[in-house]
Q: 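The following block contains the structure, expressed as structure tokens.
Atoms within a ligand are numbered from 1 in the order they appear, just like the ligands themselves. What you see is a predicted model, and the numbers here were worked out from it, not measured in a lab.
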Amino acid sequence: MVRKPIKSFIILPLLIILTTATTGAVYAQNAEKIKLKHGSHREGKRTDAIMQKWRGNGLGQFIHWGLYAIPGGEWNGKQYNGAAEWIRSWNEMPKPAYDSLIYKFNPVNFNADQWAAIAKDMGARYVTITTKHHDGFCLWPSKYTSYTVANSPWKKDIMKPLVDAYDKAGIDVILYFSIMDWNHPGWRYDIKTRADSIAFEGFKKFTRNQLIELLTMYPKAKGLWFDGTWDKSWIKQAKFADELEAEMRKLRPGLIIGSRFRADEYGKRHFDSNNVLMGDYEQGWERKLPNTIADVHGNDWDCVMTIPENQWGYNKAWKGHIKTSTELIEMTAKAVSLGGNFVLNFGPKGDGSIRDQEKRLALEIGDWMKVNNEAIYNCGYSGLEKQDWGYSTKKTGIDKIYMVVFNIPVSGAYRVKLPAKTAIAKSYLLADQNQVLKVEEVHTNEYFVYANAANQRKPFVIVLETKKKERSGENNYDKAKT
Ligand code: EAT
């Protein structure tokens, strides 16, 4: 998500004039604000307990499951090159054949408790599950369409056992919902004629009904993850979407909604025309991570990631680079170090089982998390300068910093720069708290922490317990005049 710079030809002179005043930036911003009916309704992060819990989750699981899992990226012996969950849009795929997959949906090996156990063992603290992807097939028995599990050979609700199993395992559930729906006769990419408009009005009612239905049927769900909201038809629905959001929030106080749901009245998505985030967290990080804290604009966010390059639904043939557990752990640590959550996608097979590679990766990540989750859960941006050895995270409300090491320095010295008037009280390995590490102040507030990492085969964590420095400026040796 790239933010458009706010008209710098106005801001710049203002900033120059006001630069000496501490409130300069605020004045400059206010001068720019335009009145929006359907823009953001909040500035800054939510402060309630539900959002604090979400923010501290660190690691999540994504589940993409639907009819697309049955062909698994293959039709008539041919491989589809795109993402498996998009196979219906392939020229080689006859639409009626795809839509008839409903009569083949019979996942005899589906076991909700097993899925939840895999997520739990991995260390995930929330899960986002596709209730309905772009194809329109509903994993719950919606009253508003016949294209649901109820009319498949399986007949039973999939969402209820999943919500219950994950909830029982202590994992929060977020409902993924695609607004774009290839199965609904009223769906349009744009609205150009009166007929389009009438059709789309029907689609809007349907969408509203399905969302209210989901929130009513699964009251344990903590939030909604929207997708398929980029087409002109939906972007034009600022008023409708704003009102629907209000209705959903009233029905489920504390509901978490990402920035992908609605556009403002000027068609701006994610960030409104005043560049303020819409929704509770930024949802623009699909298969990519921010690089610096500036990239996240002080907002909550999560990154959703695939294990292969771009496959969400089950694909029999995983091509290209398959991420390793070490890479995925590094992405998790990086996300947390920049104040976000990392959500790793799983694409179960058509029969309901989960592929071995995914299970193995989940176990490997889980093995690491069991030792190191203190550096991930309830942690966020440390405020420290990024160093080459890896990523630092800070425990919320506690004077502890975690150095998650991915690159081991040959010197054995790990550089740390602390804010003024802060000192290191103690440093040790998270995996072995008896191994107290030698700390040397090499410049004012700049330290070397020494760790012998010869035996490390996996990323590891160094803990820094920090304290207030009694006297500042005690070491003046680095201030010599030249
Ligand atoms: O199918 C993917 C997957 O569900 C991901 C979370 N979002 C969907 C999606 N649809 C897209 C259309 C255009 C470009 C990127 C897309 N990602």
Q: Go through ligand 1 atom by atom and flag the ones less than 4.0 Å from a non-hydrogen atom of Glu85.
A: 1 (O), 2 (C), 3 (C)
Q: Provide, to 0.1 Å, the distance between atom 13 (C) of ligand 1 and the closest protein heavy atom, together with that atom's residue and name.
A: Trp230 CZ2, 4.1 Å
Q: Does the structure place the NZ or CZ of Lys204 under 6.0 Å from the centre of the six-membered ring of Phe240, at an angle of no more than 45° from the ring's axis?
A: yes
Q: Exactly one of Tyr147, Trp86, Tyr98, Trp187 should register a ring-ring contact (aromatic ring centres under 6.0 Å, His included) with Trp182. Which one does?
A: Trp86
Q: Do ligand 1 and Asp227 have nitrogen or oxygen atoms that lie under 3.5 Å from each other?
A: yes
Q: Short N/O distance, under 3.5 Å, between Arg260 and ligand 1?
A: no
Q: If you measure from atom 12 (C) of ligand 1 to every heavy atom of Tyr68, Tyr176, Trp312, Trp86, which option wins on shortest distance?
A: Trp86
Q: Name all pairs fulfilling the ring pair (Phe, Tyr, Trp, His ring centres under 6.0 Å) condition that reach into residues 319-357, sequence neighbours left out, sorted by first residue then second.
A: none
Q: Kindly assign one of parallel, tilted or perpendicular to the pair Phe177 and Trp140, based on the angle between their ring planes and the thresholds 30° and 60°.
A: tilted
Q: Is the distance between the ring centroids of Phe105 and Trp154 under 6.0 Å?
A: no
Q: Under 4.0 Å from atom 16 (C) of ligand 1, do we find at least one protein heavy atom?
A: yes
Q: I'd like to check which ligand 1 atoms, numbered from 1 as shown, lie under 4.0 Å from a non-hydrogen atom of His133.
A: 1 (O), 2 (C), 3 (C), 4 (O)
Q: Considering non-hydrogen atoms of the protein only, which is the closest contact for atom 5 (C) of ligand 1, and what is the distance?
A: Glu286 OE2, 3.2 Å
Q: Are Lys395 and Glu374 ion-paired here, with the side-chain N under 4.0 Å from a carboxylate O?
A: no
Q: I'd like to know whether ligand 1 has Val304 as a neighbour, heavy-atom separation below 4.0 Å.
A: no
Q: Measure centre to centre between the rings of Tyr176 and His64, then say whether the value is under 6.0 Å.
A: yes
Q: Backbone or side chain, does any N or O of Trp225 fall under 3.5 Å from an N or O of ligand 1?
A: no
Q: Note the single closest protein heavy atom to atom 3 (C) of ligand 1, along with its residue, its atom name and the distance in Å.
A: His64 NE2, 3.3 Å
Q: Any idea which atoms of ligand 1 are less than 4.0 Å away from a heavy-atom of His134?
A: 8 (C), 9 (C), 10 (N)
Q: Would you find more than 12 non-hydrogen atoms of other residues, nucleotides or ligands less than 6.0 Å from Gln357 atom CD?
A: yes
